[in-house]
Enquirer: 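Starting off with a structure, shown below.
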Amino acid sequence: MVENMCSISVFPCVYLMFLLACISEVGFGKMVFNVMNDGAIADGNTDNSKVFQIVFNKACQSEGRNLVLIPRGTYMLAPIVLKGPCKGQVEFHIIGTLKALIDETSTIDINHWITFQYVDRLVLSGGGKLDGQGPSAWDDNTCSKNPNCKALPISLRFDFVTNSRITQLTSINSKNAHVNVFACKDMKFDHIHIIAPKDSPNTDGIHIGSSSNIQILDSTIATGDDCVSMSPGSKNINIRNVTCGPGHGISVGSLGGGPNEEDVSGLTVTNCTFIGTQNGLRVKTWARSYASSVFKLTFEDIIMDNVNNPIIIDQQYCPSRNCEKGDSQVQIRDVKYGNIRGTSSSKIAVAFDCSKGKPCEKIELNNINLTYLGAEGAVASSCSNVKGIANGQQQPGSCI
């Protein structure tokens, strides 16, 4: 085709060849940095962390739109921190599989595998996979018994990242949580798949703290811990069309564990499905807690499929059963549940165990239809220290 155009006129030939060269080099307006060109080896054995660092730094220090390309293949990767700020936009386009090392240096007493810091307009995409190789480390997780346990790496950390999108990626078998979002703003996660066995310890899907305007959309999360969890400082979080299970559900908290914690507010969870999870929609605070507030939470159009504790507020949270007793000082208010339907694996499908010292306020139940087919009798609800209102269908019968 190019030769035919050249026979007609020299100018179209030269222009077309120039155009094709530009597309090849910059990827439709993007400068492409292929890790293979800097010595990456996709053999599933060679550590590529130094190469990835070099390539990211090149892209980060280039103006305009820049794409770090990770082609097909399996790339071993030691813990790495990819740090901005960057002069232009960087897209990390993962087509292949990134695989974490399993040696002790890369596993014990280190809090990250892949970290992005201080980057604006970051994009992670490509349809590739992050394999944390969690089974090599899960036996080293002693945190349920030892409060001074050593850290295990979170697969993907975002610290101080803004105006960014994470899309079309799969994370499997993290050693600790899959994704951690800290001090970030205006981030969108969509079409993400997160996978770990239901008995894998502390493998939260996406954990958020001290961050605002975070969206989690159109994704599937199946783990051994919370599908999504929000710690202090989580504000304006939107979770929509997420399938959760197995796992511990979507959780706010646990809160009140330390002094001067930031409030949690503005959470919206809509059109989500929970399958066989330990909890559905949960808010949890430590029993003897420091003061803070949780408010403006909305849960609407939710399907529960064989879920234990579909709707739960637990202000006596104590996973180790060795906690100080007392009234939680976390104030929970303005929480709305609407059109929640499906099946509960526990007789108590709606449980509000609120603080005697700071009762839950303005709790609203609208059209709740949860059934229980177990041997313990009819589905029921349980309320302590809660004030609110119930409208429309209420199964189980409301105790507010």
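This is a predicted model, so every value here is computed, not measured.
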Enquirer: Between F92 and F116, what is the ring plane arrangement, given parallel below 30°, perpendicular above 60°, and tilted in between?
Expert: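 Judged by the thresholds at 30° and 60°, the geometry between F92 and F116 is perpendicular.
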Enquirer: Looking only at atom types and distance, does a side-chain atom of K198 sit under 3.5 Å from a main-chain N or O of P246, one as donor and one as acceptor?
Expert: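 Pair absent, no side-chain N/O of K198 close to backbone of P246.
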Enquirer: With F299, which of I239, V269, I311 fulfils side chain to side chain contact (heavy atoms under 4.5 Å, CB included)?
Expert: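 Single pass found, and it is V269.
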Enquirer: With no hydrogens and no angle check, just 3.5 Å: does a side-chain donor-acceptor pair link D218 and N241?
Expert: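 Judged by distance alone, the side chains do pair up.
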Enquirer: Do N236 and S212 have a side chain donor and acceptor closer than 3.5 Å?
Expert: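 S212 and N236 do not have a side-chain donor-acceptor pair below 3.5 Å.
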Enquirer: Using atom types as modelled and distance alone, determine if a side-chain donor or acceptor of E261 lies under 3.5 Å from a backbone N or O of P232.
Expert: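 Checked: no pair found.
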Enquirer: Please determine, by modelled atom types, if E262 and S210 share a side-chain donor-acceptor pair under 3.5 angstrom.
Expert: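 A pair is found: one side chain offers a donor N or O, the other an acceptor, under 3.5 Å apart.
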Enquirer: Please tell me if the side chains of I192 and V179 come closer than 4.5 Å, counting only heavy atoms from C-beta onward.
Expert: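 Side chain of I192 against side chain of V179, heavy atoms only: no contact under 4.5 Å found.
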Enquirer: Are a donor atom and an acceptor atom from the side chains of S49 and D47 found within less than 3.5 Å of each other?
Expert: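 Per modelled atom types, S49 and D47 side chains form a pair under 3.5 Å.
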Enquirer: Can you confirm whether R333 is buried at CZ, in the sense that more than 12 heavy atoms of other residues, nucleotides or ligands lie under 6.0 Å from that atom?
Expert: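 Check passes, neighbour count above 12.
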Enquirer: State whether D190 and R165 are salt-bridged, where the test is any N-O pair (Lys NZ or Arg NE/NH1/NH2 against Asp/Glu carboxylate O) under 4.0 Å.
Expert: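 R165 and D190: salt-bridged.
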Enquirer: Hey, what do you get for CG (N34) to CG (L67), rounding to the nearest 0.5 Å?
Expert: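 CG of L67 is found 9.5 Å from CG of N34.
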Enquirer: Where do T115 and K83 land on the side chain to side chain contact (heavy atoms under 4.5 Å, CB included) test, with the steps shown first?
Expert: CA-CA 8 Å; T115 296; K83 189 173 183 179; over 6 Å; no
Enquirer: With rounding to the nearest 0.5 angstrom, report the OG to CG distance, S125 to L169.
Expert: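 Between atom OG of S125 and atom CG of L169 there are 7.0 Å.
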Enquirer: Is the shortest heavy-atom distance from the side chain of Y75 to the side chain of T46 under 4.5 Å?
Expert: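 No, side chains not in contact.
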Enquirer: Using only atom types and a distance under 3.5 Å, with no angle test, would you say the side chain of T74 pairs donor to acceptor with the backbone of G44?
Expert: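 Here the side-chain-to-backbone pair does not exist.
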Enquirer: Going by atom types alone, do T162 and D186 pair a side-chain donor with an acceptor below 3.5 Å?
Expert: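 Checked: T162/D186 side chains show no N/O donor-acceptor pair below 3.5 Å.
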Enquirer: How far apart are the C-alpha atoms of V181 and M187, what are their side-chain angles, what is the distance that settles it, and do they pass the side chain to side chain contact (heavy atoms under 4.5 Å, CB included) test?
Expert: CA-CA 9 Å; V181 180; M187 289 192 70; 4.3 Å; yes
Enquirer: Determine, step by step, whether N308 and S346 satisfy the side-chain hydrogen bond (donor to acceptor under 3.5 Å, both in side chains) criterion, reporting the C-alpha distance in whole Å, the side-chain angles of both residues, the deciding distance to 0.1 Å, and the verdict.
Expert: CA-CA 5 Å; N308 202 46; S346 56; 3.3 Å; yes
Enquirer: For the residue pair I110 and T105, what are the closest heavy atoms and their distance?
Expert: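 Taking I110 first and T105 second, the nearest heavy atoms are CG2-O, 4.3 Å.
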Enquirer: Are the side chains of I108 and D140 in contact, using a 4.5 Å heavy-atom criterion?
Expert: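 Yes - at least one pair of side-chain heavy atoms lies under 4.5 Å apart.
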Enquirer: Pick one: which of I114, I194, T97 meets side chain to side chain contact (heavy atoms under 4.5 Å, CB included) with L130?
Expert: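 Single pass found, and it is I114.
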Enquirer: With side-chain hydrogen bond (donor to acceptor under 3.5 Å, both in side chains) as the test, pick out the partner of N339 among N366, T270, N367, D301.
Expert: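 Filter result, single survivor: D301.
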Enquirer: With side chains defined as the heavy atoms from C-beta onward, is the minimum distance between N391 and E364 less than 4.5 Å?
Expert: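 Yes, their side chains come closer than 4.5 Å.
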Enquirer: Quick one: closest heavy-atom pair of C244 and G249, and the distance?
Expert: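 Distance-wise, the nearest heavy atoms are SG-CA, 3.8 Å.
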Enquirer: For the residue pair I94 and K129, what are the closest heavy atoms and their distance?
Expert: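 It is CG2-N, 4.4 Å.
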Enquirer: Would C143 and C149 count as a disulfide pair, i.e. SG atoms separated by less than 2.5 Å?
Expert: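 Yes, because the SG atoms of C143 and C149 sit under 2.5 Å apart, which meets the disulfide cut-off.
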Enquirer: Do any N or O atoms from the side chain of N57 and from the backbone of Q53 form a donor-acceptor pair under 3.5 angstrom?
Expert: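 At least one qualifying donor-acceptor pair exists.
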Enquirer: Got a second to check how far L122's CG is from I166's CD1, nearest 0.5 Å?
Expert: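 Rounded to the nearest 0.5 Å, the CG-CD1 separation comes out at 5.0 Å.
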Enquirer: Please give me the minimum heavy-atom distance between S164 and D120, naming the atom from each residue.
Expert: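 That would be OG-C, 4.3 Å.
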Enquirer: If you measure from NZ on K175 to CD1 on I102, what distance do you get to the nearest 0.5 Å?
Expert: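 Reported to 0.5 Å precision, the distance equals 7.5 Å.
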Enquirer: Do S251 side-chain atoms and G253 backbone N/O form a donor-acceptor pair below 3.5 Å?
Expert: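 No, the answer is negative, given that no donor and acceptor are paired below the 3.5 Å cut-off.
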Enquirer: Would you find more than 12 non-hydrogen atoms of other residues, nucleotides or ligands less than 6.0 Å from I400 atom CD1?
Expert: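 Yes, because the 6.0 Å sphere around CD1 of I400 holds more than 12 heavy atoms from other groups.
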Enquirer: Would you check if there is a donor-acceptor pair between the side chains of S328 and T285 at a distance under 3.5 Å?
Expert: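 Yes, side-chain donor-acceptor contact under 3.5 Å.
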Enquirer: Taking the six-membered ring for Trp, are F56 and F33 closer than 6.0 Å centroid to centroid?
Expert: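 So the answer is no for these two rings.
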Enquirer: Can you classify the ring geometry of F189 versus F158 as parallel (below 30°), tilted (30 to 60°) or perpendicular (above 60°)?
Expert: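 Answer is perpendicular, since the angle exceeds 60°.
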Enquirer: Measure across L370 and R341 and return the closest heavy-atom pair with its distance rounded to 0.1 Å.
Expert: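 Minimum heavy-atom contact is CD2-C, 3.8 Å.
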Enquirer: Count the heavy atoms belonging to other residues, nucleotides or ligands that lie under 6.0 Å from NZ of K347, then report whether that count exceeds 12.
Expert: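 Enclosed.
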Enquirer: I214 vs K188, test: side chain to side chain contact (heavy atoms under 4.5 Å, CB included). Steps then yes/no.
Expert: CA-CA 6 Å; I214 308 299; K188 179 180 178 181; over 6 Å; no
Enquirer: Whether the side chain of S211 engages the backbone of K185 through a donor-acceptor N/O pair (distance < 3.5 Å, no angle test) should be reported.
Expert: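 No, S211 side chain to K185 backbone: no donor-acceptor pair under 3.5 Å.
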Enquirer: Could you give the distance from CG (N180) to CG (L156), rounded to the nearest 0.5 Å?
Expert: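 One finds 9.5 Å between CG of N180 and CG of L156.
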Enquirer: Counting neighbours of CD on E104 that are heavy atoms of other residues, nucleotides or ligands and sit closer than 6.0 Å, is the number greater than 12?
Expert: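 No.
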Enquirer: So do the side chains of T167 and L124 get within less than 4.5 Å of each other, counting heavy atoms only?
Expert: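 Side chain of T167 against side chain of L124, heavy atoms only: no contact under 4.5 Å found.
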Enquirer: Is the CG atom of D139 crowded by more than 12 outside heavy atoms at less than 6.0 Å?
Expert: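 No, not enclosed.
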Enquirer: So do C272 and T243 actually touch side chain to side chain, heavy atoms under 4.5 Å?
Expert: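 They are not in contact (no side-chain heavy atoms under 4.5 Å apart), so the answer is no.
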Enquirer: Is there a donor-acceptor contact under 3.5 Å from the side chain of Q117 to the main chain of D159?
Expert: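 Side chain of Q117 to backbone of D159, a donor-acceptor pair under 3.5 Å: no, none is there.
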Enquirer: So, N385 side chain and C354 main chain: donor-acceptor pair closer than 3.5 Å or not?
Expert: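 Present.
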Enquirer: Is there a donor-acceptor pair closer than 3.5 Å between any side-chain N or O of S355 and the backbone N or O of Q329?
Expert: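 No; judged by distance alone, with no hydrogens or angles, the pair does not exist.
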Enquirer: Would you indicate whether the side-chain heavy atoms of V379 and T371 approach each other to under 4.5 Å?
Expert: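 Counting from C-beta outward, T371 and V379 never come under 4.5 Å.
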Enquirer: Hey, does the side chain of W113 reach the backbone of L77 with a donor-acceptor pair shorter than 3.5 angstrom?
Expert: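 It does hold such a pair.
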Enquirer: Heavy-atom count check: over 12 atoms from other residues, nucleotides or ligands less than 6.0 Å from Y290 OH?
Expert: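 Atom OH in Y290 is not packed in, count stays at 12 or less.
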Enquirer: Is there side-chain contact between L69 and V55, with heavy atoms separated by less than 4.5 Å?
Expert: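 Answer no - side chains too far apart.
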Enquirer: For atom CG of D103, decide whether the heavy atoms of other residues, nucleotides or ligands shown that lie under 6.0 angstrom number more than 12.
Expert: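 Result for CG/D103: enclosed.
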Enquirer: Is a side-chain donor-acceptor pair under 3.5 Å present for H178 with S155?
Expert: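 Per modelled atom types, S155 and H178 side chains form no pair under 3.5 Å.
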Enquirer: Find the distance between OG (S254) and OH (Y317) and round it off to the nearest 0.5 Å.
Expert: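 Output value for this atom pair is 5.5 Å.
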Enquirer: Salt bridge between R282 and D226, side-chain N to carboxylate O under 4.0 Å?
Expert: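 Yes, R282 and D226 are salt-bridged.
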